[in-house]
Amino acid sequence: MIYITGDTHGVYNDLMYRIEKYSLGEDDILIVCGDFGFVKREDEYNYCLDKLSRLPFTIAFADGNHENFDLIEAYPVQEWNGGKVHQISENIFHMMRGQLFTIEDRTFFTMGGAYSIDKAFRREGISWWKQELPTNEDYKTASDTLKKCDYTVDYIITHTLPESVIYALGYFPDMHDRELTGFFEWLRGRAGFKYWFGGHFHVDKKIGNNYVLYEDVVKLNDIE
Ligand SMILES: [Fe+2]
């Protein structure tokens with residue numbers, strides 16, 4: 001079974017509380033829509049990553065803006081279910097940007113990243129990384145992937161959201177990641193998809209076929 005949730009920010013107990021009622025087992029996959037946050041410096045409680053690595057189920061995350069990209073990028077790039085990942089441990093995978101994964105006969109397009117509005121209070125390489133926003137190469141990869149599948153996927157997994165969904169939440173898209181939210185808005189109109197899952201805004205709300213997730217966990221079988 002596939003389950004999807006929002007930002008986890010490296011907080012183990014919070015994640016366990018969210019998924020407690022589902023009793024995930026070795027055939028289950030939990031997808032996190034960015035701000036996974038468990039890949040940390042060694043002096044920052046990364047024993048939580050070790051604990052996650054011993055769980056029976058698989059965790060696959062798109063990146064958010066609060067990730068240690070330098071550490072994530074140091075893990076080997078592998079192919080997993082048809083798309084590229086950084087393999088963090090035997091059961092934990094970072095779903096790279098612009099990839100298409102086929103899991104349990106469903107296709108997932110992933111495009112992480114977002115702008116940190118609290119960037120001014122963070123330190124580069126310690127609590128902020130410039131890789132938080134997609135590069136031109138990431139957009140090119142995304143474009144190539146989308147052309148190959150004729151812009152038709154089952155699900156889209158991102159961290160931030162299309163502009164119109166951000167407006168519907170009552171926010172204004174931030175000018176610093178407008179290239180990304182604008183790309184998502186274009187994709188929202190261009191692509192054929194069943195549901196779009198994102199995080200970033202720390203609210204749980206369904207807007208049309210967009211699930212904005214924070215602490216909620218969506219079991220795909222329940223909404224199909
Ligand atoms: Fe977050």
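Numbering of ligands and ligand atoms starts at 1, following listing order. We count residues from 1, following the sequence as given.
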About how many Å separate OG1 of T110 and OH of Y155, when rounded to the nearest 0.5 Å?
15.5 Å
Protein N/O/S atoms closer than 2.8 Å to the Fe ion (ligand 1), ordered by chain and number, come to D7 OD2, H9 NE2, D35 OD2, H202 NE2
With N209, which residues qualify under side-chain hydrogen bond (donor to acceptor under 3.5 Å, both in side chains), at least two apart?
none
Charged tip of K219 within 45° of Y3 ring normal and under 6.0 Å
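Relative to the ring axis of Y3, which defines the angle, K219 lies outside at least one limit.
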Test salt bridge (Lys or Arg N to Asp or Glu O under 4.0 Å) applied to D138 - qualifying residues, sequence neighbours left out:
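D138 satisfies salt bridge (Lys or Arg N to Asp or Glu O under 4.0 Å) with R97 once adjacent residues are dropped.
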Without swapping roles, check the side chain of D35 against the backbone of T8 for a donor-acceptor pair under 3.5 Å.
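Not a single qualifying donor-acceptor pair exists.
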Taking only residues at least two apart or on different chains, which pairs with a member in residues 153-170 satisfy salt bridge (charged side-chain N to carboxylate O under 4.0 Å, His left out)?
D154-K194, E163-R178
